[in-house]
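All remarks here apply to the structure that follows.
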Amino acid sequence: MHECEDVRMQEALPAFRAGRLDAAEAEAVRTHLASCEVCTRELELLTTAQAVLDQATPVVDAARIAAAVIGASAKAERAPVAAPRVITLRTRRWWASRQLLAAAASILVVVSLSIPALRGTGHAPAVDGRLDSMVAAEMTGGQGGHAVAPSIDLAGGLADLSSAQLETFLKELDQVEATVRAEPATIALPLIDSPELL
Amino acid sequence: MGDSSGTTSETTDAALISRWVSGDQRAATALVERHAQSVAQFVVSLGERERTEELVQDTFVRAFQAIETFRSDSLFRTWLFTIAKRLVLDHRRSERRRRDDVEVQEDHLVVSFDALDGMVGDERMQQVWRAMQGLSPMQREVFTLRVTEGLPYNEIAQMVGSSAGACRVHYHNALKTIKERVTDA
Ligand SMILES: [Zn+2]
């Protein structure tokens, strides 16, 4: 048997067969198949392998499995466990669009009013910890995916910040906002990476 | 197997997961119906045909209990596969401890695959099946993931704990072996 000279097309065969290619890529593969016997045979072999695996696999009872999943979940909910830390785009957006803007606006007001009165103008440490804790608060949206307003504790705290800290703080808020807006609209999934399960 | 990308279907996996997290039980049912048979196939390719349904169920129970650890940068189905594989390996480990038999893993594969002789369709399909039996466990896993899901090598590599380059070699060696053992392939 001859070799196929278009490695890219040959490598695309499994994804083509599994329906993973977009329309243009799939069309390119189809065009290639029309003139490549090697790939046509290989695709046929892949299709046979899939059929073999289909036959070899017992049909599982999805309804029964779903019931078991729901039952196990209900049981777990009765047990006193900490609420999972879930972040969803909905949460992020909600926070970004309402809370963050509101908070940023109020900070700006407070800053403009209180900068002359601020103590300490030196090189105080950065305020990352503060922002981190805000982001963390946002992440604890709870299992329901409902956003929990970030606990931005500005009472008393703001006056303790130097103007440099405030600038950093506001800049970071801007960055958070920019990041959130850059999120692809389709993603609405838990994003927390926990090493515990796997 | 139908669409596995979770993106082209009417309701995406992501949307279903969100609904489940919000307390919608029907979303869990829909996700199980969408992926259970593919997980079963993966479990069979690992040589666990006898306990397929039990393992598929355990996989989903674990997955849904830890749904918050699912990362959106991977496919839900491949995440399920990863959990299924972990369960299979855990099971074998405990079997091995119980039986004090270091060869149990290979035994399992051989027994399960032999048991399929005569079950599988026509002559050509049987040839392919037997050829797949002749693959190493790693070759078979990589080949199955590539054929059934059409996954790119880098995603397969993450799942099997290897490199993309090594997976490419495993896949092509598997394909070569099968071609050699199947007439007219
Ligand atoms: Zn070709």
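Lettering of chains follows the sequences in order, A, B, ..., and the numbering in each one begins at 1. Computed from a predicted model, the values in this text were never measured in an experiment.
Only the side chain of Gln65(B) comes within less than 4.5 Å of a heavy atom in chain A; its backbone stays farther off. When heavy atoms are compared at a cutoff of 4.5 Å, Tyr153(B) approaches chain A solely by way of its side chain, counted from C-beta outward.
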### Message
Checking Arg41(A) against Lys179(B) for the side-chain contact (heavy atoms from CB on, under 4.5 Å) test, could you report, in this order, the C-alpha distance in whole Å, the side-chain angles of both residues, the deciding distance, and whether it holds?
### Response
CA-CA 10 Å; Arg41(A) 283 178 176 229; Lys179(B) 281 179 178 174; over 6 Å; no
| said: If you apply the rule side-chain contact (heavy atoms from CB on, under 4.5 Å), what do you find for Gln55(A) with Trp129(B), and how did you get there? | reply: CA-CA 10 Å; Gln55(A) 276 203 21; Trp129(B) 182 245; over 6 Å; no
Report task. Could you walk me through whether Arg130(B) and Val52(A) pass side-chain contact (heavy atoms from CB on, under 4.5 Å), step by step? Result -> CA-CA 10 Å; Arg130(B) 275 194 291 272; Val52(A) 165; over 6 Å; no
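Note: Met125(B) CE to Thr48(A) OG1 = 7.0 Å, rounded to the nearest 0.5 Å. To the nearest 0.5 Å, atom CZ of residue Arg49(B) and atom OG1 of residue Thr57(A) are 7.5 Å apart. Here the CG-CD1 distance, from Asp58(B) to Ile65(A), works out to 9.5 Å after rounding to the nearest 0.5 Å. Here the straight-line distance linking atom CD1 of Ile70(A) with atom CH2 of Trp20(B) works out to 5.5 Å at 0.5 Å rounding.
Sparse packing is recorded around CD of Glu37(A), with 12 or fewer heavy atoms of other residues, nucleotides or ligands lying under 6.0 Å away.
Side-chain atoms of Gln25(B) do not come within 3.5 Å of backbone N or O of Ala67(A) as any donor-acceptor pair. A donor-acceptor pair under 3.5 Å links the side-chain atoms of Glu53(B) to the main chain of Asp61(A), judged by distance alone.
In terms of heavy-atom proximity, Val61(B) sits nearest to Ala72(A) at CG1-CB, 3.7 Å. Taking every heavy atom of both residues into account, Arg20(A) and Gly150(B) meet most closely at CD-O, 3.4 Å. Listed here is the closest heavy atom pair of Val147(B) and Gln50(A): O-OE1, 4.0 Å.
Residue with the most contacts toward chain B among Ala66(A), Ala49(A), Ala15(A): Ala66(A) (heavy-atom pairs, distance under 4.5 Å). When Pro58(A), Ala51(A), Ala63(A) are compared by the number of non-hydrogen pairs under 4.5 Å with chain B, Pro58(A) comes out ahead.
We find that Glu149(B) and Arg17(A) are not joined by a salt bridge, their nearest charged nitrogen and carboxylate oxygen being 4.0 Å or further apart.
By the side chain to side chain donor-acceptor pair (under 3.5 Å) test, Arg181(B) is found to be paired with no residue, residues two or more places apart in sequence or in another chain being considered. Not counting sequence neighbours, Glu155(B) has no partner by the side chain to side chain donor-acceptor pair (under 3.5 Å) test. Taking the side chain to side chain donor-acceptor pair (under 3.5 Å) definition, one finds that Glu27(A) meets it with Arg30(A), sequence neighbours left out.
For a heavy-atom cut-off of 4.5 Å, chain A lies close to Arg168(B), Tyr171(B), His172(B), Leu175(B) in residues 164-177 of chain B.
Looking only at side-chain heavy atoms (C-beta outward), Val32(B) and Arg64(A) stay at 4.5 Å or farther from each other.
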